[in-house]
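Please read the structure below before turning to the comments.
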2 protein chains.
Amino acid sequence: MRLLIAEDDKLHRSFLERLVRHTFDGLEELTLTSDGAGAIEAFRSGKYDCVLLDLQMPKITGVDVAKTIWAKAPTTKILFWSNYTEEAYVRGITKIVPDAAVYGYILKSAPDEQLKLALQGVFVAEQCVIDREVRGVQRRADNRLSGLSELEFEALADLCLGLTDKAMAARRNVSLRSAQSRLQSLYQKLGLDKDDIPSGEWGASFNSRTRAISLALTQGILNADALRREEEKLQAWMSRSSA
Amino acid sequence: MRLLIAEDDKLHRSFLERLVRHTFDGLEELTLTSDGAGAIEAFRSGKYDCVLLDLQMPKITGVDVAKTIWAKAPTTKILFWSNYTEEAYVRGITKIVPDAAVYGYILKSAPDEQLKLALQGVFVAEQCVIDREVRGVQRRADNRLSGLSELEFEALADLCLGLTDKAMAARRNVSLRSAQSRLQSLYQKLGLDKDDIPSGEWGASFNSRTRAISLALTQGILNADALRREEEKLQAWMSRSSA
DNA sequence: AACGGTATTGCGGGTTCCCGCAAGTTCCCT
DNA sequence: AGGGAACTTGCGGGAACCCGCAATACCGTT
């Protein structure tokens with residue numbers, strides 16, 4: 001087994017190193033990196049068949065790293081190790097995992113024993129090991145009823161970036177009315193009609209547009225990181241389209 | 001010295017314990033807790049004169065804990081230990097620190113040596129020790145030019161919660177026009193006029209209202225945590241005002 | 001081939017928002 | 001007292017947004 005680890009927190013990193021060395025005897029290779037760029041760089045050598053990734057890293061996240069790795073070597077076994085079950089990440093992962101790939105998702109809050117099991121499950125037994133809580137989020141994201149469709153998610157992204165209806169229409173190549181339609185169904189999915197707060201006079205006290213962002217954030221559908229990434233995509237599109 | 005530590009990450013917690021025990025010999029008392037509620041609970045005993053706090057904790061943050069502690073014992077020495085220099089936190093702290101209090105703010109990314117110095121500086125020498133990066137954010141927040149006034153911050157909060165102009169006016173007890181004025185000056189401070197993106201045809205492609213949220217988030221003026229807290233305040237206000 | 005589900009698009013009207021102009025207030029500083 | 005900065009408030013218009021109604025199109029199923 002040839003293992004690559006990417007984790008920005010130094011305490012967590014050394015913890016992982018100790019645990020991994022203790023769990024696996026026949027470790028042919030073990031490299032530790034502290035950011036996404038370093039991980040991708042290290043992976044270039046082609047030495048590794050197993051990767052352990054922290055999701056939240058500055059600049060390049062674990063999801064980005066996984067994407068690059070799987071693009072080059074789709075059978076690489078990857079275990080994600082993260083703080084929370086942020087839907088923004090989970091959604092990102094299920095979208096990029098190749099059919100053949102083995103992967104796992106475990107929370108940092110899990111006891112050491114579970115982490116150990118996940119390590120062996122994914123890297124040795126080649127099983128997919130998904131933490132129960134994460135599994136729940138995943139199911140919700142797939143479910144058409146409470147989850148957002150791809151189109152609605154795009155609309156949410158554009159909305160959170162602060163685009164106008166017109167700009168959304170231009171970006172997505174649809175009519176103005178369509179962009180607005182997508183927003184409407186987004187609002188509905190987020191529960192913006194029969195909104196909480198049934199208390200009398202404050203019925204119309206929410207602005208759908210901004211309230212949608214608020215809800216998306218508190219529900220973890222989007223987070224500041226994801227936003228920054230979307231911002232970059234937007235910038236790229238804008239320079240491309242004006243050229 | 002009687003020290004109380006609150007830190008939710010178990011690795012960081014045990015690291016702190018080791019470091020603290022190694023730094024201070026004459027430690028009369030040392031307690032570790034893993035969340036804000038536990039810290040407040042433990043502090044009730046009145047045994048502690050020094051506290052080491054992680055800022056980001058679920059439910060009750062380090063800022064909340066500090067507030068409660070200082071309300072009861074304003075001379076308690078507190079050292080904040082946190083991941084980032086989130087303006088939302090820094091702003092919160094400078095607002096609640098009593099005149100007489102000694103406190104410090106150090107980043108988790110700092111080398112052990114600096115943390116050790118901060119521990120001794122704050123708890124023994126009774127100096128205020130503020131990390132250089134944090135200091136920068138602090139200054140920016142105090143600076144009228146780039147920082148937000150209290151009123152503008154309120155407007156931002158309301159905006160991010162998804163309130164309409166009318167609702168903001170009602171909540172803050174001002175006229176509709178005033179609420180809008182506050183928004184305008186907020187937009188200006190956030191740089192929503194001479195916005196980035198000078199690229200030709202996309203001049204009016206941003207919706208001020210939502211773009212403001214986007215900027216606030218990416219600039220770290222607000223984060224998901226802070227938002228959740230504001231949401232609670234809002235709920236409280238709504239039930240109070242309808243009663 | 002008929003059919004429900006999903007998405008796109010136009011139209012039109014009511015609402016909300018953005019903001020320039022201008023007058024008034026409060027408070028602090030010299 | 002006077003000057004000034006920050007804040008409030010009204011008015012009014014132009015732009016943006018929300019959304020119901022309705023026609024059309026595409027797709028996989030039966």
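Quick note: numbers below take in every heavy atom, side chains included, and nothing from hydrogens, waters or symmetry partners. Just so we're on the same page: letters track the sequence lines, and every chain starts at 1.
Looking only at distances, a side-chain donor or acceptor of A:Thr68 sits under 3.5 Å from a matching main-chain atom of A:Asp64. The backbone N or O of A:Gln235 sits less than 3.5 Å from a side-chain atom of A:Ser239, completing a donor-acceptor pair. Counting only distance, with no hydrogens or angles, the side chain of A:Arg211 and the backbone of B:Leu163 share no donor-acceptor pair below 3.5 Å. Distance alone, capped at 3.5 Å, is enough to place a donor-acceptor pair between the A:Arg228 side chain and the B:Thr218 backbone. In this structure a side-chain-to-backbone donor-acceptor pair under 3.5 Å is missing from B:Lys77 to B:Val102.
With the end axes of the helix from C:dA1-D:dT30 to C:dA22-D:dT9 each set by five pairs, the angle from one to the other reads 30° at 10° resolution.
When rounded to the nearest whole Å, the span between CG of A:Asp158 and C1' of D:dA16 equals 16 Å. One atom, CG of A:Leu183, and another, C1' of C:dT8, lie 14 Å apart when rounded to the nearest Å. Rounded to an integer number of Å, the gap from B:Arg177 CZ to C:dA22 P is 14 Å. Regarding B:Gln184, its CD atom lies at a distance of 10 Å from the C1' atom of C:dC17, rounded to whole Å. For the pair B:Gln180 CD and D:dT9 P, the interatomic distance rounds to 12 Å; values are reported in whole Å. For B:Ile213 and C:dC17, the CD1 to P distance is 12 Å, given to the nearest whole Å.
When the side-chain nitrogen and oxygen atoms of A:Asn207 are compared with OP1 and OP2 of D:dC17, none of them lie within a distance under 4.0 Å. Using a 4.0 Å cut-off, some side-chain N or O of A:Arg209 falls inside it from OP1 or OP2 of D:dC18. Dashed line: the shortest gap from a side-chain N or O of B:Arg182 to OP1 or OP2 of D:dT8 is under 4.0 Å.
Backbone-only contact: B:Leu151 has heavy atoms under 4.0 Å from sugar-phosphate atoms and none from a base. Here A:Ser178 lies in heavy-atom contact (under 4.0 Å) with a base. Using a 4.0 Å heavy-atom cutoff across all strands shown, B:Ser181 reaches at least one base atom of the nucleic acid.
The side chain to side chain donor-acceptor pair (under 3.5 Å) search around B:Asp131 returns none, not counting sequence neighbours. With sequence neighbours left out, A:Asn223 forms a side chain to side chain donor-acceptor pair (under 3.5 Å) with no residue at all.
Residues B:Ser185 and A:Ser208 both approach DNA chain D. Their nearest nucleotides, taken by heavy-atom distance, put B:Ser185 toward the 5′ side.
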